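Written out below as structure tokens is the structure these notes cover.
Naming convention: chains lettered A, B, ... in sequence-line order (proteins, then strands); numbering from 1 in each chain. Worth saying up front: this structure is predicted, and the values here are computed from it rather than measured.
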2 protein chains.
Amino acid sequence: MDTDDITLKLRDVRAASGLSLSKAAELTGVSKAMLGQIERGESSPTISTLWKIAKGFQLPLSALIGTDALRDTNDGDLFRTVTFPGSIAVKIVFPYDPALGAETFHVDLSPNQRYDSAAHAAGVTEEVFVLDGTLEVLRGGDWVPLQSGQGLRFAADLPHGYRAGDVGATFLNMHHYVPTNGRDLAAGQPAMEPRQ
Amino acid sequence: MDTDDITLKLRDVRAASGLSLSKAAELTGVSKAMLGQIERGESSPTISTLWKIAKGFQLPLSALIGTDALRDTNDGDLFRTVTFPGSIAVKIVFPYDPALGAETFHVDLSPNQRYDSAAHAAGVTEEVFVLDGTLEVLRGGDWVPLQSGQGLRFAADLPHGYRAGDVGATFLNMHHYVPTNGRDLAAGQPAMEPRQ
DNA sequence: TTCCCTTGTGCGTTATAACGCACATGTGCT
DNA sequence: AGCACATGTGCGTTATAACGCACAAGGGAA
């Protein structure tokens, strides 16, 4: 999905409305020369003018931008690595997306390695799916044993921890945050600490 | 939803990944001075640079633009009926939870077996993580090849499909639905005003 | 035909997005 | 203390988005 699709979208939208460039310019507050250039792909509009156009046509921005571009991530060719406080390295399988409120990590623990996590924000839920080895998850006050191919879902707004077995453990770790409505982004922060 | 929220979104996204401006600049190909100005609302980025940023962070554009602004006016209510049409055997790893809006399946395809899925409801996002074998995912007209350990996130409100390789494929399939809590979707806000 | 209007595009100027570099501050380390 | 490094911001320059205006092409209507 490319950004040129905006040109097609705008052309279709304007054609559907039956408006000329002049009237569209008068309606949106964007000069008709600029509208023409955008439609021809000769200019990459700023979001400010994109917003003017969407407002003039009384349309959401999604009507101008390709829907695939709004949600498809880049092909997961290479994973970025992030380090949690506690010095375990995890790989990002699916990065945090505010629209989903979810992120997925790929974690690898050496034999008998343990990692404890403090309580996250209220409402945060974690899921664990063991890919290889054996793992124990501290949920509430109990260590829940998991084998390869097994999963566990638990509330992460309590202290919890992970402990690998004698052969180590590899598992996926999904974080689900509470849906952030609008601007209260501070409430649904992902759990990745600023660390390198 | 105001376009200034892009500043908040970008700040939040960058903080979530724990990246500095310098590293974010190196990752996205956008100068750190520009990233800083965007975060501070001192500049209205073009969609071209917005695309660079999204690509660098491996995020969809919706992670940077306010979701309210993107919502389609006639979306209507989304149905949470999960219909995973029969012909293939799936195992429920994590059942559907209304609080999360997510569910996870464990799918096993025999060699060269193919499964096509019709478009789901608008806004549904799927994630695929290959556990074993090789898999190809039909996303937006293209077959994306995936190997064991690789993942892909894509919009599932378009026709999509799965095709196993010569050795079959085992993969996790996560479905993310959109929370249906009523929100202001027609709220049009003015664009960012040019500075003087 | 001529006149008038509207269509979309091209041109020159202005505003500003984007860049590279340098600076001030802060933090950790010895 | 001092040093080294990283962070984020300010400055000057370049690239380009956006503007206003003017032009050429295509319709009708007389």
Side-chain angles (χ1 to χ4, degrees), chain A residues 2-57 61 64-65 80-83 85-87 185-186 189 192-196, chain B residues 2-57 61 64-65 190-196:
Chain A
D2 216 330
T3 53
D4 321 291
D5 290 337
I6 293 178
T7 74
L8 302 176
K9 292 272 184 180
L10 177 54
R11 191 150 247 166
D12 291 342
V13 162
R14 189 172 64 87
S17 312
L19 290 173
S20 65
L21 278 181
S22 306
K23 293 186 178 177
E26 185 180 354
L27 190 62
T28 59
V30 180
S31 69
K32 67 174 182 177
M34 181 54 13
L35 291 175
Q37 286 188 14
I38 293 174
E39 285 189 353
R40 277 174 276 140
E42 297 176 9
S43 178
S44 177
T46 65
I47 56 162
S48 175
T49 61
L50 248 186
W51 186 268
K52 289 182 186 173
I53 296 172
K55 212 186 144 191
F57 281 98
L61 279 180
L64 298 174
I65 307 176
R80 275 213 328 272
T81 303
V82 177
T83 304
S87 71
L185 292 166
Q189 291 279 9
M192 283 183 289
E193 299 292 334
R195 182 81 190 100
Q196 58 214 7
Chain B
D2 211 325
T3 51
D4 310 284
D5 289 337
I6 292 178
T7 73
L8 300 177
K9 293 272 184 182
L10 178 54
R11 259 233 158 95
D12 188 59
V13 162
R14 188 172 63 86
S17 45
L19 289 172
S20 66
L21 278 181
S22 306
K23 295 187 177 177
E26 185 181 354
L27 190 63
T28 60
V30 180
S31 68
K32 69 174 182 178
M34 180 58 12
L35 291 175
Q37 286 187 13
I38 293 174
E39 285 188 352
R40 277 174 276 141
E42 297 177 11
S43 178
S44 176
T46 65
I47 56 160
S48 174
T49 61
L50 210 58
W51 183 266
K52 289 182 188 175
I53 297 173
K55 248 179 88 180
F57 280 97
L61 280 180
L64 299 174
I65 307 176
M192 172 188 297
E193 288 300 322
R195 307 178 64 81
Q196 42 211 359

Is there any protein nitrogen or oxygen under 3.5 Å from a nitrogen or oxygen in nucleotides 9-17 of chain D, and what are the pairs?
from   : atom 1 : to    : atom 2 : distance (Å)
D/dT9  : OP2    : B/R40 : NE     : 3.3
D/dG10 : OP2    : B/R40 : NH1    : 3.0
D/dA17 : O5'    : A/S43 : OG     : 3.3

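- At whole-Å resolution of the value, CG in B/L10 and P in D/dG8 are 11 Å apart.
- For the OP1/OP2 pair of C/dT7 and a distance below 4.0 Å, the side-chain nitrogens and oxygens of A/S20 include at least one atom meeting the criterion.
- For B/S31, the side chain to side chain contact (heavy atoms under 4.5 Å, CB included) partners two or more places apart in sequence, or in a different chain, are B/A33, B/M34.
- Separation of atoms CG (B/L19) and OG1 (B/T28) is listed at 9.5 Å; rounding is to 0.5 Å.
- Once rounded to the nearest 0.5 Å, the distance linking CG of A/L27 with NZ of A/K52 reads 13.5 Å.
- A/K23 places none of its side-chain heavy atoms less than 4.5 Å from the side chain of A/K32.
- Whole-Å rounding puts the A/E26 CD to D/dG20 C1' distance at 15 Å.
- Neither OP1 nor OP2 of C/dT7 sits under 4.0 Å from any side-chain N or O of A/R14.
- Atom CD1 of A/I65 sits about 7.5 Å away from atom CG of B/L50, to the nearest 0.5 Å.
- Atom CD1 in A/I38 sits about 9 Å away from atom C1' in D/dA18, given to the nearest Å.
- When the side chain to side chain contact (heavy atoms under 4.5 Å, CB included) test is applied to A/A24, the partners found at least two apart in sequence or on another chain are A/R14, A/L35, A/F57.
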